[in-house]
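These numbers were taken from a predicted model, which means no experiment stands behind them.
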Amino acid sequence: MTQVKQGDTVRIHYTGTLNDGQTFDSSEGREPLEFQVGSGQIIPGLDSAMPGMEVGEKKTVEVACDNAYGQPDPNARQAVPRDSIPDDIPVDPGTRLQMQTPQGQVVPVTVMEATEEQVVLDANHPLAGQDLTFNVELVGVDPA
């Protein structure tokens with residue numbers, strides 16, 4: 001059997017859970033996730049678990065937050081004037097929105113707090129600060 005190595009393109013089925021057992025993402029019912037090992041296309045902690053696996057192998061991979069989406073960055077929170085957001089855009093806490101930087105880059109944000117004067121937006125990844133567990137099955141490998 002071929003073992004996965006850096007540069008190979010792999011296809012995996014996975015289920016990702018939080019420490020409390022809640023599923024945050026899964027490939028169930030979808031095509032497998034395909035990526036090139038070592039290319040930075042997925043979080044480092046999961047990527048580094050791929051080398052040495054063989055097609056059909058299943059494993060559980062625990063990924064500390066520093067090897068997933070990192071620690072929350074307090075500088076990624078910003079208060080913006082309420083009147084700078086159109087009235088038809090919901091600003092309930094927890095709402096996911098997309099903002100655009102002056103350079104045209106789209107940034108996903110979460111509404112953390114809203115008052116009549118301002119809205120606090122958080123651009124941290126929703127899983128920042130979370131340790132993650134992945135149950136993975138390698139379903140395909142194309143050697144580099």
Practice task
Using the test salt bridge (charged side-chain N to carboxylate O under 4.0 Å, His left out), find all partners of Lys5 that sit at least two apart in sequence or belong to another chain.
Solution key: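 For Lys5 the salt bridge (charged side-chain N to carboxylate O under 4.0 Å, His left out) partners, ignoring immediate neighbours, are Asp8.
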Problem - Residues that Asp25 engages under salt bridge (charged side-chain N to carboxylate O under 4.0 Å, His left out), provided they are two or more places apart - result: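 Partners of Asp25 under the salt bridge (charged side-chain N to carboxylate O under 4.0 Å, His left out) test: Arg30.
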Considering non-hydrogen atoms only, spot the tightest contact between [X] and [Y] and give its length.
{"X": "Met99", "Y": "Val109", "value": "CG-CG2, 3.6 Å"}
{"X": "Leu127", "Y": "Leu18", "value": "CD2-CD2, 3.8 Å"}
{"X": "Glu31", "Y": "His13", "value": "C-CE1, 4.1 Å"}
{"X": "Ala68", "Y": "Ile43", "value": "O-CG2, 3.7 Å"}
{"X": "Val4", "Y": "Met50", "value": "CB-O, 3.4 Å"}

Does the side chain of [Y] come within less than 4.5 Å of [X]'s, by heavy atoms?
{"X": "Ser27", "Y": "Ile12", "value": "no"}
{"X": "Glu54", "Y": "Gln3", "value": "yes"}
{"X": "Glu34", "Y": "Thr9", "value": "yes"}
{"X": "Thr2", "Y": "Val55", "value": "no"}
{"X": "Phe24", "Y": "Leu132", "value": "yes"}
{"X": "Thr133", "Y": "Val61", "value": "no"}

Practice task
Output every pair passing side-chain hydrogen bond (donor to acceptor under 3.5 Å, both in side chains) with a member in residues 101-111, not counting sequence neighbours, ordered by first then second residue.
Solution key: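 Listed once each, the pairs are Arg96-Thr110, Thr101-Gln103.
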Handout entry: Within residues 130-144 or reaching into it, pairs that qualify as salt bridge (charged side-chain N to carboxylate O under 4.0 Å, His left out) - sequence neighbours excluded
Key =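 Qualifying pairs: Arg11-Asp142.
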Residue list, side chain to side chain donor-acceptor pair (under 3.5 Å) with [X], at least two apart or on another chain:
{"X": "Gln71", "result": "Asp66"}
{"X": "Ser39", "result": "Gln41"}
{"X": "Ser26", "result": "Thr15"}
{"X": "Thr17", "result": "none"}

Problem - In one Ile/Leu/Val/Met/Phe/Trp/Tyr side-chain cluster, 4.5 Å: Val63, Leu33 - result: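 In one cluster with Val63: Leu33, yes.
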Problem - Linked, directly or transitively: Leu97 and Val119 (ILVMFWY side chains, under 4.5 Å) - result: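 Leu97 clusters together with Val119.
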Practice task
Nearest 0.5 Å please: distance from the CZ atom of Phe35 over to the CG atom of Leu46.
Solution key: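 Atom-to-atom, Phe35:CZ and Leu46:CG are 5.5 Å apart.
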Problem - Over 12 foreign heavy atoms within 6.0 Å of NZ, Lys58 - result: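 Check fails, neighbour count at 12 or below.
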Practice task
Verify the neighbour count for atom CD of Glu28: are there more than 12 heavy atoms of other residues, nucleotides or ligands below 6.0 Å?
Solution key: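 Not more than 12 within 6.0 Å, no.
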Using a 3.5 Å cut-off and no angle test, enumerate the donor-acceptor pairs between side-chain atoms of residues 72-81 and protein atoms at least two apart in sequence or in another chain.
residue : atom : partner : partner atom : Å
Asp73   : OD1  : Asn75   : N            : 2.8
Arg77   : NE   : Asp122  : OD2          : 3.4

Problem - Test item: Gln36 side-chain N/O and Gly7 main-chain N/O as donor-acceptor pair under 3.5 Å - result: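 Judged by distance alone, yes, a pair lies under 3.5 Å.
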Handout entry: Polar side-chain atom of Lys59 near backbone of Met53 as donor-acceptor pair, under 3.5 Å
Key =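 Not confirmed, Lys59 side chain does not pair with Met53 backbone.
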Problem - Co-members of Val106 in a cluster of I, L, V, M, F, W and Y side chains, linked at under 4.5 Å - result: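 Once heavy-atom contacts under 4.5 Å are chained together, Val106 still belongs with nothing else.
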Problem - Co-members of Val120 in a cluster of I, L, V, M, F, W and Y side chains, linked at under 4.5 Å - result: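 Answer for Val120: Met112.
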Exercise for the section: May I have all residue pairs that pass ring-ring contact (aromatic ring centres under 6.0 Å, His included) and include part of residues 46-80, sequence neighbours excluded? Expected result: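 The answer is Tyr69-His125.
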